[in-house]
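Take a look at the structure set out below.
Just so you know, these numbers come straight off a predicted model, no measurement behind them.
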Amino acid sequence: MSFPLLTVTAAVPAVGAILTAAVPAARRTAAKWLALLVSLATLVLAAVVFVRFEPGGERYQLTESHSWIKDFGVRYELGVDGIGVALIALTALLIPFIVLAGWHDADQEASSKRWRPTQGFFALILMVEAMVILSFEATDVFLFYILFEAMLIPMYFLIGGFGDRAHAGSDENAAAQRSYAAVKFLLYNLAGGLVMLAAVIGLYVVAGNFSLTEIAEARANGSLEMATSTERWLFLGFFLAFAVKAPLWPLHTWLPNAMGEATAPVAVLITAVVDKVGTFAMLRFCLGLFPEASKWATPAIIVLALISIVYGALLAVGQRDIKRLVAYASISHFGFIVLGIFAMTSQGQSGATLYMVNHGISTAALMLVAGFLISRRGSRLIADYGGVQKVAPVLAGTFLIGGLATLSLPGLAPFVSEFLVLVGTYARYPVAGIIATTGIVLAALYTLVLYQRTMTGPVKEEVRSLPDLRARELAVVVPLIAVLIFLGVFPKPLTDVVNPAVRHTMSDVQQKDPQPSAPQNVEAAK
């Protein structure tokens, strides 16, 4: 039996979460270091997965398959394609920085002797990491569904139990807002998950098993046929759950509340890690299992994606809260990702996958620096800042780079992915590609206005004594910025892994890239 690398990669943070939670209450620092070491060990394993994956090899590699619930045909099946490998790498890369950034976020609860808040905080983060990684590896639909729903539980406690302390009003009001955000997050995602459960059961009734690879093979060789109406209903059941997780307009309203009330590291965990499961699943399950229904729903989904792009960006422009601004910007960016997926072109889907990775890194950089700023001043309101670059130039500089990455400045990683999405969309849907470009203009507006109002101008008295970034905070921000620059200049390591997987997805939906039409004068010359 070959070494179960995929299982071990997910098991290490799961076991680490249990060990971290078991650390004695008085040993908070030991719990932090244990969580950091476990996250670094997971990063090493994810790097091994990335290196061992052969882009030109089989579609799903490093596979594992074991009987689990035999009576219902449920198996413990794992395998990764290029898209899964890229997102596992993203998850494992971000978690150590999330742990470092949240080093003191749970210490304020440590006065209670009845529970271990610090231990619990980091244990929950590691448990989310384990579930997200395993969801990127799962090729059994039922196993994926279990993970898709189970990750909501630790996220609920991270949002409701360890919320942002920089809140206007009383402690009771802050606690109520955190509770509201956590419950809203849970209810929205549970509702989507229940619809998906019905679709999962329906898929089993039609196909007789939950194996993604077996169902795809049966559909390809004609041994499994779905009625058109059945396929469309099943597609909608899966897509609705993924659209909530993504989040896609109009199912997005839980995200600004959750990101606003969570601590900055948990906000990054939500939008840069957990939400990627939704867009990843659109590629793997919606397009892979229901190709004809995916093409049938494409026009409507493209409209929803365009609304997300423009609506999210417009609301970001008008925000007064820094964290809610980043949340609405993320809704706009997820619109680009969904647009690239359903453009049904290789450039669009490659760009969408790269966008998942690059958005995760750029949002982490911007949100974590914003978190450091908010923790110093004790306020999330943009109006409470001004002139920060004069008293904390390194903080302001890193904030600017994170913001420029958010608006997809050439030379930084998101530019490559956004460009590919727009090119791929324009090739098949020119009007949609043109409308989507308005998101770029609006991104420049909300990013630069945010920087101008917080970092430039006269120094406000309340920020005059703000300290610059410390060593631990620099250890969080500098590597993220370095990755943004590296992938912006040299994205080839990612594209080499992603492109073969995209070709498989294009084959699933039986689509080919549109051929560019030659100008009339060229045709006449011929």
*asked:* Checking Thr253 against Tyr188: is there a side-chain donor and acceptor pair closer than 3.5 Å?
replied: yes
_Can you tell me how far apart CD1 (Ile301) and OG (Ser308) are? Round to the nearest 0.5 Å._
11.5 Å
_How close do Leu368 and Ala101 get, counting heavy atoms only, and between which atoms?_
CD2-CB, 3.7 Å
*Is there a side-chain contact between Ile159 and Arg178, using heavy atoms and a 4.5 Å cut-off?*
no
*N/O donor-acceptor pair under 3.5 Å between Tyr385 side chain and Ser379 backbone*: yes
_Check: Ile125 main-chain N/O paired with Glu129 side-chain donor or acceptor under 3.5 Å_ = no
*Indicate yes or no: at least one non-hydrogen side-chain atom of Pro393 is less than 4.5 angstrom from one of Asp468.*
yes
*What's the shortest heavy-atom distance between Gly371 and Ala264, and which atoms?*
CA-CB, 3.6 Å
*Taking atom CZ of Arg464 as the centre, does the number of heavy atoms from other residues, nucleotides or ligands within less than 6.0 Å exceed 12?*
yes
*asked:* Please check this pair: side chain of Thr406 against backbone of Gly402, looking for a donor-acceptor N/O pair closer than 3.5 Å.
replied: yes
*Rounded to the nearest 0.5 Å, what's the gap from CD on Glu261 to NZ on Lys323? Could you check?*
7.5 Å
*When you measure from the side chain of Trp254 to the backbone N and O of Asn189, does any donor-acceptor pair fall under 3.5 Å?*
no
_Derivation and outcome, side-chain contact (heavy atoms from CB on, under 4.5 Å), residues Leu487 and Ile361_ = CA-CA 10 Å; Leu487 292 179; Ile361 300 169; 4.0 Å; yes
*asked:* If you count every heavy atom of other residues, nucleotides or ligands that lies below 6.0 Å from Arg377 atom CZ, does the total exceed 12?
replied: yes
_Can you tell me if Arg320 has over 12 outside heavy atoms packed within less than 6.0 Å of its CZ?_
no
*asked:* Go through it in stages, so that I can follow the logic: the residues are Met155 and Val266, the test is side-chain contact (heavy atoms from CB on, under 4.5 Å), and I'd like the CA-CA distance, side-chain angles, deciding distance and then a yes or no.
replied: CA-CA 8 Å; Met155 287 306 308; Val266 173; 4.2 Å; yes
_Heavy-atom check, side chain of Leu124 versus side chain of Ile153, under 4.5 Å_ = no
*Rounded to the nearest 0.5 Å, how far apart are CG of Leu474 and CG of Leu395?*
9.5 Å
_Once salt bridge (Lys or Arg N to Asp or Glu O under 4.0 Å) is applied, do any residues pair with Glu473, and if so which ones, sequence neighbours excluded?_
Arg376, Arg470
*asked:* Between Tyr311 and His252 (judged by ring centroids, cut-off 6.0 Å), do the two rings come close enough to count as a pair?
replied: yes
*Do the side chains of Val388 and Met455 get nearer than 4.5 Å, heavy atoms only?*
yes
_For Gly193 versus Ala241, what's the shortest heavy-atom pair and its separation?_
N-CB, 4.3 Å
*In sequence, state the C-alpha distance, the side-chain angles, and the governing distance for Met367 and Ile270, and then conclude on side-chain contact (heavy atoms from CB on, under 4.5 Å).*
CA-CA 11 Å; Met367 178 60 85; Ile270 295 169; over 6 Å; no
*Mind running side-chain contact (heavy atoms from CB on, under 4.5 Å) on Ile440 and Leu422 for me, showing each step along the way?*
CA-CA 10 Å; Ile440 301 175; Leu422 291 173; 3.4 Å; yes
*Does any non-hydrogen side-chain atom of Phe372 lie less than 4.5 Å from one of Val477?*
yes
*asked:* When you compare the side chain of Leu404 with that of Tyr451, does any pair of heavy atoms fall below 4.5 Å?
replied: no
*asked:* I need the minimum non-hydrogen distance between Ala305 and Gly335, along with the two atoms involved.
replied: CB-O, 3.5 Å
*Could you grab the distance from atom CD of Glu149 to atom CG of Leu186, nearest 0.5 Å is fine?*
9.0 Å
*Is any side-chain heavy atom of Leu248 closer than 4.5 Å to a side-chain heavy atom of Phe239?*
yes
*Minimal non-hydrogen separation, Ser330 against His359, with atom names*: OG-NE2, 3.3 Å
*So, Gln119 side chain and Ala22 main chain: donor-acceptor pair closer than 3.5 Å or not?*
no
*Do the non-hydrogen side-chain atoms of Ile95 and Val128 ever get within less than 4.5 Å of each other?*
no
*Which pairs with one or both residues in residues 263-285 pass ring pair (Phe, Tyr, Trp, His ring centres under 6.0 Å), sequence neighbours excluded?*
Phe136-Phe280, Phe144-Phe285
*Within the side chain of Lys460, is there an N or O that forms a donor-acceptor pair under 3.5 Å with the backbone of Gly386?*
no
*Identified ring-ring contact (aromatic ring centres under 6.0 Å, His included) partner of Phe242 from the options Phe334, Phe148, Tyr145, Phe235*: Phe148
*First locate atom CG of Leu152, then atom NZ of Lys245, and finally report the distance between them rounded to the nearest 0.5 Å.*
4.5 Å
*asked:* How close do Ala313 and Leu442 get, counting heavy atoms only, and between which atoms?
replied: CB-CB, 3.5 Å
*Could you tell me whether the side chain of Thr42 and the main chain of Ala92 form a donor-acceptor pair under 3.5 Å?*
no
*Please identify each residue that fulfils side-chain contact (heavy atoms from CB on, under 4.5 Å) with Ala41, with sequence neighbours left out.*
Val12
*Report the distance from atom CD1 of Ile83 to atom CD of Gln349, rounding to the nearest 0.5 Å.*
7.0 Å
